[in-house]
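Down below is the structure, laid out as structure tokens.
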Amino acid sequence: MKMQNNITGSTPFQAHRLHLEVLQEKYGDIQLTILRQDESAREALFTDGLGIARTYSISTRNKEWKINEEITALNWLIQDGAPIGTTFRDNGFEFRRNLLDVYIISLTPWLRRKFATTETFAKAYNIEFIIKKGDLVFNYAMITDICSPELQGPVITEYDTSEINFSFHALQASGFTRNEIWSLLENEDNLPLTSRLPSERQIAEAFIESVL
């Protein structure tokens with residue numbers, strides 16, 4: 001069972017909500033500014049109406065979904081500057097943000113200026129953006145979000161660590177189908193599936209074997 005977030009003023013990680021929506025709820029209008037983008041990666045800032053950046057985000061796209069014509073077409077919109085999450089959601093896709101890691105980083109002077117903060121550390125998340133439509137399930141991208149200290153204080157809580165899951169690839173290597181992985185992300189209390197979850201050592205061994 002997931003823990004409740006009890007940190008006053010903190011904005012907890014939410015797997016079922018778009019990060020853009022969380023920012024809009026807290027700050028109002030949010031502007032997505034693309035700093036750099038190519039076929040495989042995007043570097044962007046989410047900035048509020050005062051011009052203060054609230055999240056610095058790096059997205060690295062996978063290639064497995066390129067066999068799907070609809071996702072490929074939507075990816076062209078994303079490469080033209082559309083937000084990742086809303087683009088898929090508005091075109092009938094479900095999504096889950098699968099948290100792989102949460103950690104504290106040292107802010108560069110540039111990010112401190114963009115965040116308008118005197119803090120020297122910030123919280124960062126590594127997330128898989130999983131999409132589903134009908135029976136199709138794909139891991140679209142790996143996203144690293146660095147949150148402004150005002151949005152997320154630079155402290156890792158028990159709630160943060162309770163949200164961390166196995167990666168999509170690791171679960172596939174351990175014998176889970178794509179739809180079973182989606183079911184796990186959708187309902188962590190799915191006992192027939194959770195009872196099959198391997199140990200971290202078994203996951204590591206399966207992952208190593210899959211890439212050799």
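Since we're looking at a predicted model, the values are computed, not measured.
- K132 has no carboxylate O lying under 4.0 Å from a charged side-chain N of E186, or vice versa, which leaves the two without a salt bridge.
- With contacts defined as side-chain heavy-atom distances shorter than 4.5 Å, the pair D48/I30 qualifies.
- With contacts defined as side-chain heavy-atom distances shorter than 4.5 Å, the pair N68/K133 does not qualify.
- Counting all heavy atoms, side chain and backbone alike, P149 lies closest to F115 at CD-CD1, 3.9 Å.
- Applying the side-chain hydrogen bond (donor to acceptor under 3.5 Å, both in side chains) test to every pair with at least one member in residues 100-113, sequence neighbours left out, gives these pairs: Y103-N126.
- Taking every heavy atom of both residues into account, I143 and S57 meet most closely at CG2-OG, 3.5 Å.
- Judged as a ring pair (Phe, Tyr, Trp, His ring centres under 6.0 Å), and not counting sequence neighbours, F138 has no contacts.
- V155 is not connected to Y159 by any chain of hydrophobic side-chain contacts under 4.5 Å among Ile, Leu, Val, Met, Phe, Trp and Tyr, and they are in different clusters.
- Side-chain atoms of R97 come within 3.5 Å of backbone atoms of Q14 as a donor-acceptor pair (strictly under, hydrogens ignored).
- Salt bridge status for R61 with E39: absent, with no side-chain N to carboxylate O gap under 4.0 Å.
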Under the side-chain contact (heavy atoms from CB on, under 4.5 Å) criterion, do L74 and F93 qualify, and how do the steps go? CA-CA 11 Å; L74 294 178; F93 283 81; 3.6 Å; yes
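- Side-chain contact between I181 and Q172: present, with at least one pair of heavy atoms (C-beta onward) separated by less than 4.5 Å.
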Applying side-chain contact (heavy atoms from CB on, under 4.5 Å) to L32 and L20, what does each step give before you reach the verdict? CA-CA 9 Å; L32 173 64; L20 177 58; over 6 Å; no
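- I156 is connected to Y125 through a chain of hydrophobic side-chain contacts under 4.5 Å among Ile, Leu, Val, Met, Phe, Trp and Tyr, so both are in one cluster.
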Run the side-chain contact (heavy atoms from CB on, under 4.5 Å) test on E150 and I52 for me, step by step, so that the C-alpha distance in whole Å, both residues' side-chain angles and the decisive distance to 0.1 Å come before the verdict. CA-CA 11 Å; E150 198 278 332; I52 299 172; over 6 Å; no
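- Heavy-atom minimum distance, E128 versus L100: CG-CD1, 3.7 Å.
- A continuous path of ILVMFWY side-chain contacts below 4.5 Å connects L23 to I34, so both sit in one hydrophobic cluster.
- Of the possible donor and acceptor atoms, one in the side chain of N98 sits under 3.5 Å from a partner among the backbone N and O of F166.
- In the hydrophobic clustering of this structure, W65 groups with L136; members are Ile, Leu, Val, Met, Phe, Trp, Tyr whose side-chain heavy atoms approach within less than 4.5 Å, directly or through other members.
- Side chain of N179 to main chain of D135: a donor-acceptor pair is present (N/O by atom type, distance under 3.5 Å, no hydrogens or angles).
- A side-chain donor-acceptor contact under 3.5 Å links E64 to the backbone of N139.
- Both I71 and I67 are part of a single hydrophobic cluster, where members link through side-chain heavy atoms under 4.5 Å apart.
- A donor-acceptor pair shorter than 3.5 Å cannot be found between the side chains of N75 and T72.
- Heavy-atom minimum distance, I78 versus P83: CG1-O, 4.2 Å.
- At least one donor-acceptor pair closer than 3.5 Å links the side chain of N91 to the backbone N or O of T87.
- The minimum heavy-atom distance linking E119 with L107 is given by the pair O-CD1, 3.7 Å.
- Between L151 and R54, the shortest heavy-atom distance links the atoms CD2-O, 3.8 Å.
- Contact of the R42 side chain with the I84 side chain is registered, since non-hydrogen atoms from C-beta on lie closer than 4.5 Å.
- Taking the six-membered ring where tryptophan is involved, the planes of F129 and F95 are essentially parallel, since the angle between them stays under 30° and well short of 60°.
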side-chain contact (heavy atoms from CB on, under 4.5 Å) between K123 and I104, intermediate numbers included: CA-CA 5 Å; K123 185 182 290 188; I104 304 301; 4.2 Å; yes
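- The number of heavy atoms from other shown groups lying within 6.0 Å of CG (D38) is above 12.
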